[in-house]
Amino acid sequence: GAVVSQHPSWVICKSGTSVKIECRSLDFQATTMFWYRQFPKQSLMLMATSNEGSKATYEQGVEKDKFLINHASLTLSTLTVTSAHPEDSSFYICSARPGGPESSYNSPLHFGNGTRLTVT
Amino acid sequence: KQEVTQIPAALSVPEGENLVLNCSFTDSAIYNLQWFRQDPGKGLTSLLLIQSSQREQTSGRLNASLDKSSGRSTLYIAASQPGDSATYLCALSTGTASKLTFGTGTRLQVTL
């Protein structure tokens, strides 16, 4: 079945540094990937939609200059948290659906295992 | 704006019991509804997807129903097992780009 891999699974960084999280679709191509954030005991909130070869679309309230998204190929999207602060500590999860823009909305989204970011 | 609520927030049942998890939503203009399972500190595993034109889907001991007119979906788990312990999330796909709106989740614990 479709597999989405995220790396790293956890990272601890100092305040002010930048962290890059990778999301790969291992056995399928995805023109669109999604980045979510989950705070403790809360549900997932969509941060941005990553589009291969074009700019990401950010949800309201998400700073595009702080959360840089690059979708350089059909199997890889990266999220870089720039100048991280303790309030950025969270669980970040990516998801993807096999296929291109024409792929059916009625096929399941597949999620990575998430990245636990802790900023000290 | 779509709002998705799950009740109960937490549930503890003894092994072997059948149980029902509830998901309610405010906007019935959906493409589909998906149920996920999330283990602590892990990502999401897709359990069932119900298209807007469907009323239910079944997979093994799981059965999910969808009633768009009332804005409700249920996930029925038969003969629960300790391995079913996890957080269960419903999510709806509405609008463009297949963005999902997630519910608040139900934390399930199945005890021996």
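Because only heavy atoms are used, hydrogens play no part in the values below, and waters and symmetry mates are left out as well, while side chains stay in. A, B, ... follow the sequence lines: proteins, then strands. Residue 1 opens every chain.
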Short N-O contact, Arg61(B) and Asp84(B), less than 4.0 angstrom = yes
inquiry  = Within the structure provided, determine whether Phe39(A) and Ser89(A) are in side-chain contact (heavy-atom separation under 4.5 Å).
reply    = no
message = Between Cys90(B) and Val4(B), is there a side-chain heavy-atom distance shorter than 4.5 Å?
response = yes
task = If a pair satisfies side chain to side chain donor-acceptor pair (under 3.5 Å) and one of its residues is in residues 5-14 of chain A, list it, with sequence neighbours excluded.
result = Gln6(A)-Thr115(A)
message = At a 4.5 Å cut-off on heavy atoms, which part of Gln38(B) comes close to chain A: side chain, backbone, both, or neither?
response = side chain
message = Need one label for Leu89(B): side chain, backbone, both or neither, based on atoms under 4.5 Å from any heavy atom in chain A.
response = side chain
ask   = Looking just at side-chain N and O atoms, do Gln57(B) and Gln51(B) make a donor-acceptor pair shorter than 3.5 Å?
value = no
task = Evaluate the ring planes of Tyr36(A) and Phe102(B), with Trp represented by its six-membered ring, and classify them as parallel (under 30°), tilted (30 to 60°) or perpendicular (over 60°).
result = perpendicular
query = How would you list, in number order, the residues of residues 65-83 of chain A that have a heavy atom less than 4.5 Å from chain B?
reply = none
For Pro86(A), all residues meeting side chain to side chain contact (heavy atoms under 4.5 Å, CB included), sequence neighbours excluded = Ser15(A), Val119(A)
request  = Please identify each residue that fulfils side chain to side chain contact (heavy atoms under 4.5 Å, CB included) with Gln109(B), with sequence neighbours left out.
outcome  = Ser12(B), Ser85(B), Thr111(B)
request  = Examine whether an atom of Ile93(A) lies under 4.5 Å from a heavy atom of chain B, and if so say whether it belongs to the side chain, the backbone or both; otherwise answer neither.
outcome  = side chain
request  = Against chain A, work out which of Ser46(B), Gly41(B), Ala9(B), Ala91(B) has the most heavy-atom pairs shorter than 4.5 Å and name it.
outcome  = Gly41(B)
